[in-house]
Each structure stands twice: as structure tokens, then as C-alpha cells.
Amino acid sequence: MPSLSLLDFSFIAFETAKTPMHVTGLVILDPPEEHAGTYAQELYASFLQQPEMVPPFNWKLNWSLTGRPSWTTVNNVNLEDHLRITMLPSPGNEQQLQQVVGRLHSQVLDRSRPMWEVWVIGGLENNRVALVLKIHHSMADGVRASKIFTQSCSTSVEESFSKPLWQCDLRKTPRQRREESHLTDMVMKTAVAATKQISLIPSMFRLGSKLALKAVNLADCDLKVPFTAPKTPFNLSPKRSRAVSLGHFSISQLKHISRITGASMNDILFTISDIALNRYLNDRAIPIRKPLVAMMPINLRAKGDEGKSGNKMSIGHVELGRQGLSPLQRLESIQHATTDLKNEALNISPDAYINYSLLVNGVSLFSGKFGLNNYIPPASNLLISNVPGAKEELYFMGAKVREQYPVSLLMPGQTLNITFFSNADTMYFSLVACNQSLPGFEVITDYMCDAFAEIEQEVMETAAQAVAEQLGYQHDESLAVELAVEAAQGSLTPEDDEFERLYQEKQRKVEQLEKQLARLTEMLSATVEIDPETPAKNQDELDQAPIEEVKVGQAKSVS
């Protein structure tokens, strides 16, 4: 049987009753109409009829005399130990569901048997049914856990009656095992890897020197100096309880902002989170003099390096926006920070940066596990990650997959985690928190939705201003400016009925603007998506709210 890799073993070693090390997935299903009232019970009964299991769902921990754990196969797994059903008092609302998920997520998995559970939750509004999958991080991370659910689904109702989750093979590929072996070799510095490690010393020394000099303002380095994050309520030792708060955004709207600003969707999500977190702290009169720092998974493969073997993923520390920035200025700051982080990591060599990251995060984990937060400054304030999901609408056992949320773990010494998950045209996200350390943290979800609206509004107003300026309109050509603003604010294209009505109205008044209007509509078609429900604004309204000129990173030109 395979032994645990160093990475997998770390999730066993750092787990305590207060820091469970499993990941959870929440799926909300729309049952078929003919089974709407009994779907939860029927689904549970159907699951019980399929007790066969494949690795690693039939693996449990086995501790050797040397203290090194490995996996051992359990020949007869009792499915009822891993499959549960519960019903909310009908009609169960979203808040009740989140409370149940938080309670399930706070319970440590039993190590005496395979470490996973599936819960069927019925009684939700509109006869919806929820599925909750818990699996230990040593068996699968969030990406692989989401993939096994996708394997159990189909893009059509007829083909959605597939094998259950525990019959999907989660074993790592030979390439994944090689990558983890490579990572272990670097950390353990065995004799076989000694030569390779010695070759990295110049890069490690150069990185350490640059960071030391940057700390005293004597040198420039794009990496964040470690252990300089501000102390916040996000950096307490978590208690045993867990709570969950859920939300979602439109991916098409995120792409819309990305196209206009040139920022990545990940940068936009970090900006939304940063605005909401700062608002939470400000509302509770908790001032911070320095920007928050977020842990972020980064891919250290350079262009052309995608096909090579070896682990190239690491955890970086991204300094978020400082106080007093507008949403677009904050986006620009974060965009520069994420770009600089990857560039500097590639410049010093990916392997050297992975070693550096393991060292910093290892110290941070030990500090959190052994309660040294008061003596060692935090390296980061929280983990923010983005997990890719399916691009099509899915069906599971005849039901439509309505919503899909990731529910991640809390790192030792941190009380909040934010994880995003894309599915079809929706970006779902969850906040996992120790609600004893962060009372009322659920409001951060509302703040994130508000921040998204603020960024979108500022982007549209800035785009409208840029369009009007680039077309060279003069002050007395107010009707043309009015059309530019209204079209940009409404995300209108020539194919839109509302745009045509607007265009004809202005054309009747100013015939000579026909050429300029054609240029305007062409630009809007290339940069702005259709949203006819967005209210238009005229020039007088914009004049009453002056627009601050913002240049976002290496933003796209609107011309």
C-alpha cells in the first residue's frame, strides 16, 4: 500500500479537534418534478444499494512501528458509517442550511475508518436537496474532490444516473506522485537531492539578501517581506466551532470587468475580498496601518514549460490594497502585487521559491499550531483561493445541479478562509470562519456583493468617460456625450432594441453625429456586454458626481 507523501502527512500532523483538516463540498440540487417531494429519501436509498468502493474511499490510516503512516485497504466498508441523511424543518431556508453545513464541517473525521462522509439534506425550499461531501485533505484537495463530483454528473438528464462518488477513482497519477516526490526531496534534503539543493543556495541567498535589504529600504524586491502582515482578528487561534456563509457572482460580469480593465478575474476577486475585509474591520473600529496580506496558490510554470514534470505550484503572499484607495486604485495595486510576486519567483528560480515558501508557511503553521501568535508576527492574514469547476450545466441522478460551493479548511492560527468556485456561468464562493473569534462575520458576504457592484459601477463610469473623450466630443455636443454615457451604462450594442430606440432619438436631433455614433457602437460591442436592465444616466447626473480618473495596471485601451 502507498505511504503518505510529505504534503499529505502534513494534513495529518497539523490536525487537531480545533483545526479539522478536511475539505467539504456543498451541492444544491433541483429534483425532477415527478420526484420533487421524495427525492432526498429516494437518493439516499439509491446510494445504499451501491456499497462497492474504489481507492481511496476504502483506505484508512495505518501507523507503522516507526511512526510513519501509510494507507491500508479495508475489505468490507460499512457504507452506513459514511452515508447519512438529515431533514430540515420544511421549508428550510438558506440560513438553516448554512448552520447545518457549518456544524458538519466542524466535526473531525474518524481516523479508525476511511476518512470521508456524504450527507443528503432534504426539506429545503422549493423541494431542493443538498449534498455535502466531506473528505480528508490527505486523501484529496479541493480541486480533486470537485472533479469526482463532476465525474458523477452528466450534461444531460438521461445520462446523469452514473456511479456514486465513492466509486470514482481518486488515486494520484504517476505524474502527480513524481511531483510530490520531487517536493519531498527538496524539503528533506536527502543525499540523493543534496547536489540539487546546493545548486539552489545562490538563489536562496540572493532572495534572502534582497528581502533583508528591502526591510530596511536599501534594495528593491517584488516579494512581500515575510511576517510583516498586520495583526487582526483573522489571526487568532481558532476554536472548535465553524460557521459558513455563501454567495455568488456572475462570471459574465466578472469577464466584462476583466476585459475593460485588463486585470485577471483572480485580481478582481482579491479586490472584492479586500474591500469587504477592510469594511468589516472598520465597522468594528479595528484600525490597521498596513495592508492585509493574503495567501494565494500560484503557478510557477513559465510559458513553454507546461509539459515538463515536477511540482511548480506554491503558496505566495500577496499584499492587498492600502487604506484610502478607490475600488479601481485598489484593483491596480493588487494587480501589480500578483504580477510582481510571480515574476520575482520565476526570476530567482521556481525551486528556490518553493523552498522559501515552504519555510515561511512552515514557520507560520507551527506558530499557529502551538499558539505562538503573540510572539511571532503573522506571515499572512487569511487564505484566498479559486478552484476551477465545470463550464457546462450539470445533472446528477436526474436532478439539475443548481448551486455548488467549496467549503475549505482553516489554517492553524487563522480564523477565516475565502474560496471561490466557478461552475457554468456562476462564480460561487464560501466564507469559512471560527464564529467565536469573528462574531457576525457573515456580513462580509454582503460586503463582497456591495464591493462587486462598486467596482462594476466605477468601471462603467470610467469607460463611458473614456469613450466620450476619445471620440473628441466638445462641451456643446451634449447629446452625443449623453448617448455615449447611456449606451455604456446600459451595456448596449446595435443589436439591442433599447439601443436602437436611443440611437434613433438622438439621430433625429443631430443628424451630423451618424459617423461618430457608428464608431461608438463598434467599440461598445467589443468591450461591453449586453445588460438592458442597467439604468441609464444622463450627462447632468454624471456632472453632479465627478469621476476620478483611474488607470488600472496595464489596462486595455477603450479605443
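Counting only distance, with no hydrogens or angles, the side chain of Asn62 and the backbone of Ser70 share no donor-acceptor pair below 3.5 Å. The closest donor-acceptor contact from the side chain of Glu456 to the backbone of Ile257 lies at 3.5 Å or more, if one exists at all. Judged by distance alone, the side chain of Arg144 and the main-chain N or O of Met139 form a donor-acceptor pair under 3.5 Å. No side-chain donor-acceptor contact under 3.5 Å links Ser46 to the backbone of Glu42. Arg113 contributes no side-chain N or O that, together with a main-chain N or O of His82, makes up a donor-acceptor pair within less than 3.5 Å. Using modelled atom types, no side-chain atom of His137 and backbone atom of Pro20 make a donor-acceptor pair closer than 3.5 Å. In this structure a side-chain-to-backbone donor-acceptor pair under 3.5 Å is missing from Ser258 to Leu254. When atom types are taken as modelled, the side chain of Thr38 and the backbone of Gln41 share no donor-acceptor pair closer than 3.5 angstrom.
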Determine all donor-acceptor pairs shorter than 3.5 Å in which one atom belongs to a side chain in residues 387-401; sequence neighbours excluded.
none

Listed pairs under 3.5 Å, donor-acceptor, residues 439-448 side chains, sequence neighbours left out:
residue	atom	partner	partner atom	Å
Thr445	OG1	Ser245	OG	2.6
Tyr447	OH	Asp283	OD2	2.3

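With sequence neighbours left out, the side-chain contact (heavy atoms from CB on, under 4.5 Å) criterion links Pro233 to Leu281, Ile286, Leu438. Residues forming a salt bridge (charged side-chain N to carboxylate O under 4.0 Å, His left out) with Asp274 (at least two apart in sequence, or on another chain): Arg330. Listed by chain and number, the residues in a side-chain hydrogen bond (donor to acceptor under 3.5 Å, both in side chains) with Thr232 are Asn235 (sequence neighbours excluded). Residues that satisfy the side-chain hydrogen bond (donor to acceptor under 3.5 Å, both in side chains) test with Asn417, not counting sequence neighbours, are Thr419. Under the side-chain contact (heavy atoms from CB on, under 4.5 Å) criterion, Leu109 pairs with His22, Met115, Glu117, Lys134, His136, not counting sequence neighbours. For Ser10, the side-chain contact (heavy atoms from CB on, under 4.5 Å) partners at least two apart in sequence or on another chain are Leu7, Phe14. Remark: Glu159 pairs with Ser154, Ser156 by the side-chain contact (heavy atoms from CB on, under 4.5 Å) rule, at least two apart or across chains. Residues meeting the ring-ring contact (aromatic ring centres under 6.0 Å, His included) test with Phe234, sequence neighbours left out: none.
Of all non-hydrogen atoms in Pro31 and Leu29, the two that sit nearest each other are CD-O, 3.4 Å. Here the closest non-hydrogen pair linking Ala263 and Leu331 is CB-CD1, 3.9 Å.
The side chain to side chain contact (heavy atoms under 4.5 Å, CB included) test with Leu131 is passed by exactly one of Ile121, Leu165, Ile28, Leu43: Leu43.
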Q: Kindly indicate, with the supporting measurements, whether the criterion side chain to side chain donor-acceptor pair (under 3.5 Å) is fulfilled by His248 and Thr426.
A: CA-CA 7 Å; His248 57 84; Thr426 304; 5.7 Å; no
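Among residues at least two apart or in separate chains, salt bridge (Lys or Arg N to Asp or Glu O under 4.0 Å) pairs with a member in residues 403-429 are Arg128-Glu403. Applying the side-chain hydrogen bond (donor to acceptor under 3.5 Å, both in side chains) test to residues at least two apart or on different chains, the pairs with a partner in residues 88-103 are Glu94-Gln98.
Here Tyr405 and Tyr428 bring their ring centres to under 6.0 angstrom of each other.
Within the 4.5 Å cutoff, side-chain heavy atoms of Pro378 are placed close to those of Lys231. Residues Thr72 and Trp59 fail the side-chain proximity criterion, which asks for heavy atoms closer than 4.5 Å. Between Val23 and Ile135, the closest side-chain pair of non-hydrogen atoms falls below 4.5 Å.
Residues Ser112 and Asp110 bring a donor and an acceptor atom of their side chains to less than 3.5 Å of each other. Under 3.5 Å, the side chains of Ser380 and Gln414 contain a donor-acceptor pair of N or O atoms.
Aromatic ring orientation, Phe9 versus Trp63: perpendicular (interplanar angle above 60°, classes split at 30° and 60°).
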